[in-house]
Chemist: 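This is the structure, below, for whatever I ask next.
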Protein chains: 2
Amino acid sequence: MRASDRAYQALRADIIEWRLGPGTVLGEVEQSARLGISRTPLREALSRLTAEGLTAPQPGRGVIVSEVTLEKITGLFDVRISLDCTAAALAAAHPDQRTFQQLTRRFESASSLIRESDGCQHEYYELVAELDAAIDEAAANPYLLQAQRQLRTHLSRVRRLAQDDVARLTASAAEHAQIARSIAQANADLAVASTKVHLHNSLQYLLAARANSNARITREEVPNG
Amino acid sequence: MRASDRAYQALRADIIEWRLGPGTVLGEVEQSARLGISRTPLREALSRLTAEGLTAPQPGRGVIVSEVTLEKITGLFDVRISLDCTAAALAAAHPDQRTFQQLTRRFESASSLIRESDGCQHEYYELVAELDAAIDEAAANPYLLQAQRQLRTHLSRVRRLAQDDVARLTASAAEHAQIARSIAQANADLAVASTKVHLHNSLQYLLAARANSNARITREEVPNG
DNA sequence: GGAGCGTCTTCTGTATACAAACAACGACGA
DNA sequence: TCGTCGTTGTTTGTATACAGAAGACGCTCC
């Protein structure tokens with residue numbers, strides 16, 4: 001694998017998993033030394049990150065990790081609803097029935113999988129990613145795919161701000177099952193409606209989590225101030 | 001301005017204006033020599049173009065200009081309808097009334113501007129770009145803007161395949177006026193409907209142009225074959 | 001004491017040299 | 001005659017050196 005690819009993936013993971021917080025200055029010399037490569041492949045990695053919007057060029061100070069706050073999450077979901085509904089409608093037009101029927105069953109039985117242990121949530125997120133991939137493939141639209149990919153990058157970043165709990169994941173599994181079922185039945189209207197419902201609930205959950213988080217922060221920080 | 005920026009803009013223009021056709025191999029040495037720069041800034045330019053989708057890495061032979069045919073235009077418009085309608089709805093939620101009222105009037109009087117001479121169509125396209133920019137600003141959604149920008153790059157490329165005629169531009173002006181008016185009135189539903197109508201008509205026109213073009217090509221090429 | 005200017009340091013942007021990989025072409029053997 | 005292997009040439013990927021620019025710091029003058 002190319003050094004620039006390794007640098008890109010390493011930096012991308014560091015940013016998405018909040019090891020590099022917003023505002024962090026990514027000096028070329030510093031980062032290339034940290035990753036054990038020279039500046040040339042590192043610059044290519046930074047270019048790709050900047051194109052994705054994970055980093056932004058700072059006028060006189062290289063590139064910095066871009067800001068992503070829960071404040072921006074509504075805007076993110078406005079676009080996500082638009083694209084995911086389009087993808088669901090396109091997928092429902094030419095679905096691979098067997099694939100989506102299987103996904104429906106797996107989501108229906110996922111509730112037990114979620115409850116088993118907290119560590120297994122990783123498997124659930126992979127199942128969600130599989131559904132996304134199946135929808136992408138069925139939609140068969142490279143322009144849509146490109147837009148979705150960038151959006152999901154930002155989403156995976158904000159998702160870390162609010163950990164899902166078991167109750168939400170269980171509800172989420174039922175919503176995903178409904179989406180998969182609608183597509184398997186080639187019912188575009190229902191697929192769009194299911195997607196809207198799911199994303200609405202996801203956003204509401206995240207906004208509620210933000211409210212709780214803010215309240216907690218306020219309680220913790222005011223005594224110190 | 002940086003050499004990499006100049007290279008990016010030069011190559012981008014060359015691709016969009018079809019001076020570099022799809023499938024063209026962009027060798028690093030060759031292109032850097034042509035643009036009078038070294039390979040390093042050229043590689044950065046190619047990275048940006050690849051991220052945009054204008055070029056694609058060829059497994060063993062560098063990057064090539066990506067294919068864009070009228071066949072793919074339906075897929076392009078599926079995404080465009082989705083994003084433009086979202087943008088129109090968001091803009092209608094917080095419109096700068098004065099701006100959109102002015103744009104409405106300019107589109108209403110644009111029909112005469114279109115007829116005056118063929119060269120002035122450039123001004124009309126700039127007016128359309130102004131409306132797009134105004135909607136972008138009113139929508140105030142960086143994620144939407146990012147997705148739109150990439151989509152418009154591809155659109156400007158396929159638009160060259162079918163030159164608009166005066167009749168279509170006149171109808172287009174009326175449709176744009178309707179969109180601007182709807183947003184000025186803060187009527188989100190109407191703004192979405194107007195946008196859908198406009199994009200539907202634009203797509204129909206392009207598809208009809210493709211049919212004509214294919215027919216013409218068939219007539220011209222069959223005698224030679 | 002504050003503001004402005006100059007110098008110094010450090011960073012990015014660019015060029016170029018080198019190495020590794022891939023493809024094409026030719027020669028040899030079956 | 002066809003297939004395979006080796007060689008060669010071109011290409012990309014990487015490292016490094018150099019130049020230019022921008023910011024920081026300190027000094028001096030008002």
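Below, chains carry the letters A, B, ... as their sequence lines are ordered, and counting in each starts from 1. Small disclaimer: the values here were computed from a predicted structure and weren't measured.
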Chemist: Name the pairs: protein N/O against N/O of nucleotides 17-23 of chain D, kept only if under 3.5 Å.
Modeler:
none

Chemist: Among B:E44, B:R2, B:E52, which residue meets the side chain to side chain donor-acceptor pair (under 3.5 Å) test with B:Y8?
Modeler: B:E52
Chemist: Can you name the one residue among B:V63, B:V68, B:L49, B:L11 that meets side chain to side chain contact (heavy atoms under 4.5 Å, CB included) with B:L54?
Modeler: B:L49
Chemist: How are the rings of A:Y124 and A:F107 set relative to one another: parallel (under 30°), tilted (30 to 60°) or perpendicular (over 60°)?
Modeler: perpendicular
Chemist: Please state how far atom CE in A:M1 lies from atom C1' in D:dT14, giving the value in whole angstrom units.
Modeler: 16 Å
Chemist: Quick check on DNA chain D: between B:T40 and B:G27, whose nearest nucleotide comes earlier from the 5' end?
Modeler: B:G27
Chemist: With sequence neighbours excluded, what pairs up with A:R105 under the salt bridge (charged side-chain N to carboxylate O under 4.0 Å, His left out) test?
Modeler: none
Chemist: Looking at residues at least two apart in the chain, or sitting in another chain, which of them share a side-chain contact (heavy atoms from CB on, under 4.5 Å) with A:E137?
Modeler: none
Chemist: Which residues satisfy the ring-ring contact (aromatic ring centres under 6.0 Å, His included) test with A:Y205, sequence neighbours excluded?
Modeler: none
Chemist: Using whole Å, what does the distance between atom P of nucleotide D:dT11 and atom CG of B:L42 come to?
Modeler: 14 Å
Chemist: Would you confirm whether B:S172, through its side chain, and B:R168, through its main-chain N or O, come within 3.5 Å as a donor-acceptor pair?
Modeler: no
Chemist: Working to the nearest 0.5 angstrom, can you tell me the gap between B:L199 CG and B:D78 CG?
Modeler: 11.0 Å
Chemist: Could you tell me, to 10°, how much the axis swings from one end of the helix from C:dG1-D:dC30 to C:dA30-D:dT1 to the other, five pairs per end?
Modeler: 10°
Chemist: With heavy atoms of chain A within less than 4.0 Å as the criterion, where does contact along DNA chain C begin and end?
Modeler: C:dT12 to C:dT14
Chemist: For a quick test of reading the model: is some side-chain N or O of A:S4 closer than 4.0 Å to OP1 or OP2 of D:dG13?
Modeler: no
Chemist: Would you say A:E126 and A:H122 are linked by a side-chain donor-acceptor pair, where the criterion is simply a distance under 3.5 Å?
Modeler: yes
Chemist: For residues A:R12 and A:T153, is any side-chain donor paired with an opposing acceptor at under 3.5 Å?
Modeler: yes
Chemist: Applying salt bridge (Lys or Arg N to Asp or Glu O under 4.0 Å), run through B:D5 and B:R48 and close with a yes or a no.
Modeler: CA-CA 10 Å; B:D5 288 333; B:R48 291 168 68 181; 2.9 Å; yes
Chemist: Rounded off to whole Å, could you give me the CZ-to-P distance for the A:R6 and D:dG13 pair?
Modeler: 14 Å
